[in-house]
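Chain A is the first sequence line, chain B the second, and so forth, proteins listed ahead of strands; every chain is numbered from 1.
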Protein chains: 2
Amino acid sequence: MIALQPGHETAQIPDIVIRRLPVYVRTLRDLHERGISSISSDDLAKHIGVTAAQIRRDLSYFGKFGKQGKGYDTAYLAETIASILGLDKQWDVALAGLGNLGRAIVRYRGFADESFNIVALFDHFADRVGQEVGEMTVLPDDQITKVIQERGIKIGIVAGPAAVAQSVADQMIAGGVQAILNYAPVVLKVPSGVTVREIDPVSALQSMTYYLGDHGDSHLDDQDTD
Amino acid sequence: MIALQPGHETAQIPDIVIRRLPVYVRTLRDLHERGISSISSDDLAKHIGVTAAQIRRDLSYFGKFGKQGKGYDTAYLAETIASILGLDKQWDVALAGLGNLGRAIVRYRGFADESFNIVALFDHFADRVGQEVGEMTVLPDDQITKVIQERGIKIGIVAGPAAVAQSVADQMIAGGVQAILNYAPVVLKVPSGVTVREIDPVSALQSMTYYLGDHGDSHLDDQDTD
DNA sequence: CCATGTGAATGTTTTCACAGCT
DNA sequence: AGCTGTGAAAACATTCACATGG
């Protein structure tokens, strides 16, 4: 993790800015891989589908990364933002809930490639405990707190049904988890100091149907980042 | 779909409000099922994890649904909002991309329960074409436009890899799709009139790691609805 | 001359606070 | 007495527009 530049350490950075940074990293890495070593905020904005002013403003919270008249070095900026986010290390992740969704998440290679290793699996239901998934053994819920604490895991994924999601989250937090990715269709209550992001495809679909009616025109090119 | 009350037909309602409505519907239906027939904005806010003023303001875009001194009728409000969103009918959905993720989505019962039926499957890769998934035959990409048009499908799910996502989306849109749920880690370019919501768990995780560093305190109980 | 970084302006969203209805 | 619905205020986010530096 790099040091922020002087005058930036204490600024309170809006969460909405933080949520856009991963998309910048992904896009900049892609540009770099395609042989583009430098890019203006204008061109980057076109790739991402936001405004150039927004990119410049977002970056200004962290320092000065561009060269006037030239633009940004794609490789340097990608790895600088990645470092600000803490993506220059691998993070251990615990996952609870091994139904269809949980298994698909364990099989998914995208997390490991992007700084996250799922290293512990839990399930509420006895018939799943002891099963092997992705070379790991599924443990019972009552071990969540202990295992997370022992291994120093800071990130949890909740993939089980709504009815057990809060209890699982509570046990993860008791073990020291400070970030939860929640796939359950329920709003988790967490103490301050814990960040939650919801993955809610059903709500996403249900909100889009509004624009399929005879209401107002749709006209949004929404770029939700979750 | 119910008629909006007079004076509300033409108001331009913020998308951020629309995106919160599914959570209101879900919570109100749950309260109703648990035998709670009436609730104040204050109590509803506590259940959802937002402020009471926000709920009242959000609802005010659509009409007056409460009884002063009493609160809201849970069943009535749930079905009224559902109707505003267009959830009082089932919507046909086309899905492209039948890797692990796509198969998990087809198997997932949550969509069908919440107004969405996946009725057509497509894949770019020849070895998946012709396979049976969830009692449907996987069709090749070059049939996307035709089948969507013939069946009048308005909603698409893009579950394939980033490299083919834009091309698949373009073909869906050519067939008449106006709403896309995008699981691919790429920003889709779509014409005005088409709504896109991103499902991006990797970005969600990557943004939370920011708060696990020695930056500012985490303090957010984020309620992302996508 | 080009494109950043940023004050200032604008636009949007949330919250306050209370008049008014039941 | 309790709680809604909503003007007005405050907070927040985006965009403009330009001085500045390479």
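- OP1 or OP2 of dT15(C) has at least one side-chain nitrogen or oxygen of Thr51(B) nearer than 4.0 Å.
- The CZ atom of Phe65(A) sits 8 Å away from the P atom of dG5(C) (whole-angstrom rounding).
- For the pair Ile155(B) and Asp92(B), the minimum side-chain heavy-atom distance is 4.5 Å or more.
- In this structure, Asp43(A) atom CG and dC2(C) atom C1' are separated by 12 Å, rounded to whole Å.
- Summarising the geometry, the separation between CD1 on Ile55(B) and C1' on dT6(D) is reported as 16 Å, rounded to the nearest angstrom.
- Comparing dG5(D), dC3(D), dT6(C) by their nearest atom to the side chain of Ser60(B) picks out dG5(D).
- Put simply, the side chain of Tyr72(A) does not reach to within 4.5 Å of the side chain of Ser38(A), judged on heavy atoms.
- Rounding to whole angstrom units, NZ of residue Lys64(B) and C1' of dC3(D) are separated by 14 Å.
- Atom CD in Gln12(A) sits about 10 Å away from atom P in dC12(D), given to the nearest Å.
- The interatomic distance linking Phe62(A) (CZ) with dG5(C) (P) rounds to 13 Å, in whole Å.
- Counting only heavy atoms from C-beta on, Gln54(B) has its side chain closest to dT15(C) among dG5(C), dT15(C), dA13(D).
- Not one side-chain nitrogen or oxygen of Ser40(A) sits closer than 4.0 Å to the OP1 or OP2 atom of dA3(C).
- Under a 4.0 Å N-O distance rule, the pair Arg34(B)/Asp30(B) qualifies as a salt bridge.
- The CD1 atom of Ile48(B) sits 9.5 Å away from atom CD of Gln54(B), with the distance rounded to the nearest 0.5 Å.
- Residue-to-nucleotide proximity on DNA chain D shows that, of Lys67(A) and Val17(A), the 5′-proximal contact is made by Val17(A).
- Comparing Ala52(B) and Arg57(B) by the nucleotide of DNA chain D whose heavy atom lies nearest to each, the residue mapping closer to the 5' end is Ala52(B).
- Taking 4.0 angstrom as the limit, Ser41(B) places none of its side-chain polar atoms (N or O) nearer than this to OP1 or OP2 of dC3(D).
- Ile39(B) places its CD1 atom 17 Å from the P atom of dG2(D), with the value rounded to the nearest Å.
- Side-chain nitrogen and oxygen atoms of Tyr72(A) include none within less than 4.0 Å of the OP1 or OP2 phosphate oxygen of dC2(C).
- Side-chain atoms of Gln68(B) and base atoms of dT4(D) include a donor and an acceptor less than 3.5 Å apart.
- Two residues are said to be in side-chain contact when any heavy atoms from C-beta on lie closer than 4.5 Å; Asn117(B) and Phe111(B) fail this criterion.
- Picking from dT14(C), dT14(D), dT4(D) the nucleotide with the shortest atom distance to the side chain of Ile16(A) gives dT14(D).
- Side-chain atoms of Arg56(A) lie closest to dT6(C) of the nucleotides dT4(D), dC16(C), dT6(C).
- Rounded to an integer number of Å, the gap from Asp42(B) CG to dC3(D) P is 8 Å.
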